[in-house]
Number of protein chains: 2
Amino acid sequence: MSVHRPTGTMRRRVRLSDIAEAVGCSVNTVSRALTGKDSVSPVTRAQVMAEAERLGYVPNNQARSLVLGSTRTVGLVITNPSNTLYAGLISSVELRCRALGYTVMLLATEESPESERVAAESLLHAGVDSALAVPVQAEAGHWERLRRAGVDLVFVSRELPGMDVDFVGIDNEHGAYQATAHVLDAGARVVWAVEEDLPISTVRQRRDGYLRAIADHAADPGSARVLSVPTRRRDSLTLPWQAEEAYRLAGRLVADGDLPDAFVAGNDYFALALIRALTEHGLRVPDDVLVVGYGDHPYAGYLTPTLSSVALPATELGSTAVDVLMRRTAEPEAPTTRHLIAPHLIPRESTRR
Amino acid sequence: MSVHRPTGTMRRRVRLSDIAEAVGCSVNTVSRALTGKDSVSPVTRAQVMAEAERLGYVPNNQARSLVLGSTRTVGLVITNPSNTLYAGLISSVELRCRALGYTVMLLATEESPESERVAAESLLHAGVDSALAVPVQAEAGHWERLRRAGVDLVFVSRELPGMDVDFVGIDNEHGAYQATAHVLDAGARVVWAVEEDLPISTVRQRRDGYLRAIADHAADPGSARVLSVPTRRRDSLTLPWQAEEAYRLAGRLVADGDLPDAFVAGNDYFALALIRALTEHGLRVPDDVLVVGYGDHPYAGYLTPTLSSVALPATELGSTAVDVLMRRTAEPEAPTTRHLIAPHLIPRESTRR
DNA sequence: TTGAAAGCGCTAACAG
DNA sequence: CTGTTAGCGCTTTCAA
């Protein structure tokens with residue numbers, strides 16, 4: 001522990017007027033020179049630039065935002081940064097926004113409607129120009145209010161039924177369809193789906209995809225069954241989601257001798273937990289039961305057995321979302337759009353017969 | 001696709017003067033009433049509050065920041081949001097900041113020094129009051145500049161040698177020591193460490209811990225060996241870090257018949273890749289070789305074998321970091337502090353003899 | 001307790 | 001091409 005001392009001189013922040021004084025012109029001219037307006041003589045501009053550089057001028061964004069009426073900030077409301085998909089989303093959104101000269105204000109809701117309402121409120125206070133949100137999907141009042149306040153909004157990953165808002169998501173129906181068709185192709189006759197018990201659009205879409213694949217390909221469509229895993233979060237941020245619950249679920253099924261030929265899991269955590277539970281009861285994957293995951297966690301290719309899973313293009317999701325947001329800002333009256341990005345199945349050992 | 005229409009009236013934002021007019025007092029009185037100053041009569045205050053509520057007043061933070069000279073924003077500079085530890089950090093920092101009335105501005109550097117410099121610049125422009133950063137650890141010039149501009153700074157997770165800055169991190173030396181001592185206790189005689197080839201403090205600390213444990217407990221200290229895995233990122237955001245490289249490394253070792261009794265991995269990805277490579281070559285974990293991971297990924301308890309790993313308290317890391325930051329802001333001249341949070345080993349099957 | 005006036009740092013009109 | 005003037009919405013002196 002040493003004594004803290006501000007390194008160097010802790011001088012007052014440089015303002016336009018400082019440059020103006022140094023150069024010998026008006027504040028206004030400095031402003032125009034710096035913001036690249038053409039109504040400045042080359043020589044004056046050069047002087048201003050040089051002086052700004054020398055003085056280490058950093059524009060005051062508060063002042064600028066105040067007069068311009070725009071903060072060049074986009075809000076990013078995420079349910080859970082620890083979810084691989086959303087972690088990737090955060091990265092790509094930040095990257096794209098920065099490239100466009102926007103700043104990202106991050107809010108995490110942890111799947112709590114209350115927290116989400118507060119988050120929307122924060123966005124309003126912060127004066128963001130626009131926002132990207134993965135809605136918790138309980139209420140929509142705060143989102144409506146945000147838009148009414150002039151904040152452009154785009155929903156990502158999950159959509160809110162009644163709301164006429166741009167949406168960028170993943171084609172989960174297709175993803176689940178692929179996964180299901182895949183295990184059916186691999187010879188499974190009875191295939192069950194395991195999903196989160198959250199009332200969100202992604203879960204519904206996956207279920208639809210699963211059911212459609214069963215209807216299209218299964219020998220006995222009546223064997224379809226959707227198991228719901230309790231996912232109500234109890235506490236923490238760092239999470240084995242409700243892998244624990246999926247694990248218990250599988251344990252019960254095995255104990256009851258009630259098993260399908262294959263499981264289509266709603267996420268990789270579930271898949272892993274299922275495999276673990278099956279393995280502990282002496283069953284083998286893929287020999288006795290096939291398991292497909294969803295999300296293609298970076299771990300998937302290194303597990304034993306390696307896990308077949310549906311890869312979700314997080315990066316594309318994020319960059320597309322930002323692009324859509326920018327387009328919306330540019331053309332507020334344009335028709336609402338809906339983008340679905342196709343995920344793709346990556347077959348590995350867990351479904352190999 | 002339906003036509004986009006701003007829901008409801010897209011009215012002008014409500015200002016203090018609107019409230020003042022409605023109530024019949026001065027703007028100034030409204031301001032005092034709203035900010036809880038005591039020099040306002042109870043009745044006026046009530047009127048103001050009511051009117052503000054009715055009109056849906058939202059303070060303009062740009063204006064407020066401009067005059068107050070504070071944005072109540074903290075910058076959070078992270079190398080990689082997809083890293084489990086940092087994802088947890090993001091959540092907990094956001095949570096704590098929000099509770100304190102601060103907003104989080106997120107920047108991701110992707111381990112690039114150049115990107116980090118730009119990030120620091122962005123913080124300056126955005127006018128954050130303070131910042132939390134996981135430094136890439138190449139240069140420090142931009143951090144110095146940030147502090148000189150009056151931005152309070154706290155390094156998280158990794159520290160920068162020469163800089164006299166508050167630090168909140170994990171006691172990796174201790175973590176690696178525990179992991180190493182654990183496998184030694186479990187009967188391993190030759191234990192090797194596998195680390196990332198990044199020139200960052202965490203890697204160095206883990207190596208130190210490993211070496212100290214070997215010196216303390218190993219039958220043959222000369223058998224110590226530290227393997228470095230190339231981690232230079234080539235492209236993407238979604239990453240199996242360089243699990244691939246670790247996998248190759250292990251493959252080569254097996255091919256050469258050059259194996260220890262146990263591996264102490266620098267992260268869980270490495271551990272998983274090692275296990276996979278060993279398994280593919282007919283070796284078994286833990287029967288033939290023990291493997292300990294680092295980070296305790298939520299998956300760890302569901303792998304086969306379940307993975308022994310060192311759990312890192314991400315939540316505590318984040319909340320402590322914010323607390324330290326706030327303390328620094330409150331007392332700019334206080335001595336620099338250094339907090340180390342203890343991680344703890346979670347023994348599982350991969351090291352069970 | 002309240003109001004008038006000034007100003008945070010910047011940009012946008014409008015003259016010159 | 002440049003300077004003057006005004007004002008973004010808010011808080012803070014300072015009088016009344």
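As a basis for the values below, the full set of heavy atoms in this structure was taken, side chains included, without hydrogen atoms, waters or symmetry mates.
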Peer 1: Treat primed atoms plus P, OP1 and OP2 as sugar-phosphate and everything else as base, then score nucleotides 8-16 of chain D 5' to 3': B for base contact with protein heavy atoms under 4.0 Å, S for sugar-phosphate contact only, - for none.
Peer 2: BBSBBB---
Peer 1: Between Glu331(B) and Arg327(B), is there a side-chain N and carboxylate O pair less than 4.0 Å apart?
Peer 2: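 Looking at Arg327(B) together with Glu331(B), the answer is no, because their closest N to O distance does not fall below 4.0 Å.
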Peer 1: Does a nitrogen or oxygen in the side chain of Thr29(A) sit under 4.0 Å from OP1 or OP2 of dG3(D)?
Peer 2: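 Answer yes for this pair, as a side-chain N or O of Thr29(A) is under 4.0 Å from OP1 or OP2.
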Peer 1: Report which part of the nucleic acid Thr44(B) touches: base, sugar-phosphate, or nothing (heavy-atom distance under 4.0 Å, all strands).
Peer 2: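 The residue Thr44(B) makes sugar-phosphate contact but no base contact.
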Peer 1: Think Ser39(B) has a side-chain N or O under 4.0 angstrom from the OP1 or OP2 of dT2(C)?
Peer 2: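 False: Ser39(B) side-chain N/O out of range (4.0 Å or more) of dT2(C) OP1/OP2.
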Peer 1: Just one of Thr320(B), Leu89(B), Asp166(B), Leu325(B) clears the side chain to side chain contact (heavy atoms under 4.5 Å, CB included) bar with Val156(B), so which one?
Peer 2: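 Answer to the side chain to side chain contact (heavy atoms under 4.5 Å, CB included) test with Val156(B) among Thr320(B), Leu89(B), Asp166(B), Leu325(B): Leu89(B).
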Peer 1: Listing request: all salt bridge (Lys or Arg N to Asp or Glu O under 4.0 Å) pairs with a residue in residues 120-135 of chain A, at least two apart in sequence or in separate chains.
Peer 2: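 As it turns out, the salt bridge (Lys or Arg N to Asp or Glu O under 4.0 Å) pairs with a partner in residues 120-135 of chain A, which skip direct neighbours, are Glu121(A)-Arg145(A).
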Peer 1: Regarding Glu116(B) and Arg158(B), does a basic nitrogen lie under 4.0 Å from an acidic carboxylate oxygen?
Peer 2: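 The answer is no: the pair does not qualify as a salt bridge.
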Peer 1: Regarding Asp152(B) and Arg147(B), does a basic nitrogen lie under 4.0 Å from an acidic carboxylate oxygen?
Peer 2: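 Salt bridge: no.
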Peer 1: OP1 or OP2 of dT2(C) less than 4.0 angstrom from a side-chain nitrogen or oxygen of Ser41(B), does that happen here?
Peer 2: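 For dT2(C), OP1/OP2 do have a side-chain N/O of Ser41(B) under 4.0 Å.
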Peer 1: Which pairs, with at least one residue in residues 96-152 of chain B and sequence neighbours excluded, count as a ring pair (Phe, Tyr, Trp, His ring centres under 6.0 Å)?
Peer 2: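 As it turns out, the ring pair (Phe, Tyr, Trp, His ring centres under 6.0 Å) pairs with a partner in residues 96-152 of chain B, which skip direct neighbours, are Trp143(B)-Phe155(B).
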